[in-house]
Amino acid sequence: MKQLTIISGKGGTGKTTFSAAFSQIASRDRVICIADADVDAANMHVLLGKEGHERTPFHGLRKASISPDRCTNCGLCYELCRFDAVKKPDSDNRAYSVSSLLCEGCEVCVQHCPVSVISSLPRQAGWIYRGECRFGSFHHARLGIAEGNSGKLVADVMREARGECEEKGIELLIADGPPGTGCPVIASLSQADCVIIVTEPTVSGVHDLERVQALAANFGAQVGIIVNKADLNPQVTGDIRRHCENSGAVFIGEMPFDRAFVDAMLERKTVCEYSPSLDEKMTALWDKAATELCLK
């Protein structure tokens, strides 16, 4: 089984558009599995559709909870909490209490409570979904409002997707990874065989490309690069092409700016479904990526 993760150094480069289009093209001649690993802003299901999804709860950071009937109101937990999560007794609460929104799960209060009335409890932070879309098996997740630990949630989504591939003998997993270089991106790259980075021909685009490429290199994955909106700055596009030659990355190709990308999203379609000309261009990019990155 091969895993392709598609990432970008910043949001808005067109990463999800390429992930959806490549998923459609790849599904034409094989059975694939698709994962939306951008759990902080999961939207791939808008383009791919989804049906018959099972969902399981995701538990992120554990949260402290004080038993009010047993609390002696010594105030030690209030003094020790560095996140201001512990609240003093007031007219509504006769004992100290913990704000679940502010608690970071460090368990300092749990360890130092002199009467052991503070517990560390699991807290549901979101949902993991598993089902089907128009082009194959589809896994994605939703992180709750103001919840953290998205890196762990990405790891769980990718684990379930890989598990289904092994269970059903699916040979290709395509993951739409998160933008940036943080923990969620690391989790999406941890077992990737190859990586496609989507970038833009701007100064910030090149800077972010170099950062995320350095991150991907730590995992030993083959790296391919696509320049989206390439015609907006041909000079920088040329710089990126030369960067690929010098860094050992595969320059897969470029895509011009096209209003059809937005129009396709408004109709909840991939660009391949929306535009025959873009379908042809995307298919050419996929064929090169599949050949150069050994995905065929």
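- With contacts defined as side-chain heavy-atom distances shorter than 4.5 Å, the pair M158/Q3 qualifies.
- Ionic pairing of E164 and K168 is present here: one or more N-O contacts between side-chain nitrogen and carboxylate oxygen are shorter than 4.0 angstrom.
- Ring geometry for F18 against F22 counts as perpendicular: the plane angle is over 60°, on a 0 to 90° scale with 30° as the lower cut.
- Side-chain atoms of S19 and M44, non-hydrogen and from C-beta on, do get closer than 4.5 Å to each other.
- For F83, the CZ atom sits in a packed shell: over 12 heavy atoms of surrounding residues, nucleotides or ligands are nearer than 6.0 Å.
- Using a distance-only test at 3.5 Å, with no hydrogens or angles considered, no donor-acceptor pair links the side chain of T291 to the main chain of K288.
- The shortest non-hydrogen separation linking V86 to C81 is CG2-CB, 3.8 Å.
- Residues V98 and V108 do not share a hydrophobic cluster, defined by chaining ILVMFWY side chains whose heavy atoms lie under 4.5 Å apart.
- Between the side chain of K2 and the main chain of C294, a donor-acceptor pair closer than 3.5 Å is present.
- Using a 4.5 Å heavy-atom threshold, the side chains of Y274 and E267 count as touching.
- R159 has no carboxylate O lying under 4.0 Å from a charged side-chain N of E166, or vice versa, which leaves the two without a salt bridge.
- One finds the CD1 atom of I34 at 6.5 Å from the CD1 atom of I174 (value rounded to the nearest 0.5 Å).
- Here the CZ-CD1 distance, from R70 to I118, works out to 10.5 Å after rounding to the nearest 0.5 Å.
- Judged by distance alone, the side chain of D208 and the main-chain N or O of G180 form no donor-acceptor pair under 3.5 Å.
- Under the 4.5 Å side-chain criterion, counting only non-hydrogen atoms from C-beta, I6 is in contact with V198.
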task = List the steps and the verdict of side-chain contact (heavy atoms from CB on, under 4.5 Å) for M282 and V271.
result = CA-CA 8 Å; M282 282 288 188; V271 292; 3.7 Å; yes
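- With hydrogens and angles ignored, the 3.5 Å screen pairs a side-chain donor or acceptor of R134 with a backbone N or O of L47.
- Distance alone, capped at 3.5 Å, is enough to place a donor-acceptor pair between the E273 side chain and the T270 backbone.
- Using a cutoff of 4.0 Å between basic side-chain nitrogens and carboxylate oxygens, K15 and D38 are scored as salt-bridged.
- Taking the centre and axis of the six-membered ring of Y129, the NZ or CZ atom of K50 falls inside the cone set by 45° and 6.0 Å.
- Within the 4.5 Å cutoff, the side chain of S150 has no heavy atoms near those of the C183 side chain.
- Classification of R28 and D279 as a salt-bridged pair holds, one side-chain N sitting under 4.0 Å from a carboxylate O.
- E54 and R130 are not joined by a salt bridge, as no carboxylate oxygen comes within less than 4.0 angstrom of a charged side-chain nitrogen.
- Between R241 and E254, at least one side-chain N (NZ, or NE/NH1/NH2) sits under 4.0 Å from a carboxylate O, which counts as a salt bridge.
- In this structure, R142 forms no cation-pi arrangement with W127, as its terminal cationic atom is not both closer than 6.0 Å to the ring centre and no more than 45° off the ring axis.
- A donor atom on one side chain and an acceptor atom on the other are not found under 3.5 Å apart for N233 and T237.
- Between the side chains of N228 and T13, no donor-acceptor pair of N or O atoms lies under 3.5 Å.
- Note that CG of D258 and OG1 of T17 are 11.0 Å apart. Values are rounded to the nearest 0.5 Å.
- Using modelled atom types, no side-chain atom of S119 and backbone atom of L121 make a donor-acceptor pair closer than 3.5 Å.
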message = If you apply the rule side-chain contact (heavy atoms from CB on, under 4.5 Å), what do you find for T199 with I226, and how did you get there?
response = CA-CA 6 Å; T199 188; I226 294 175; over 6 Å; no
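- Looking only at atom types and distance, the side chain of Q213 has a donor-acceptor partner in the side chain of H243 under 3.5 Å away.
- The side-chain heavy atoms of Q222 and V195, taken from C-beta on, include no pair separated by under 4.5 Å.
- Here S275 contributes atom OG and K269 contributes atom NZ; the two are 11.0 Å apart, rounded to the nearest 0.5 Å.
- A salt bridge between K63 and E104 is absent, with no side-chain N of the basic residue lying under 4.0 Å from a carboxylate O of the acidic one.
- Ring geometry for H140 versus H45: interplanar angle under 30°, hence parallel rather than tilted (30 to 60°).
- S23 and F135 make their closest contact through O-CB, 4.1 Å (heavy atoms, listed as atom of the first residue, atom of the second, distance).
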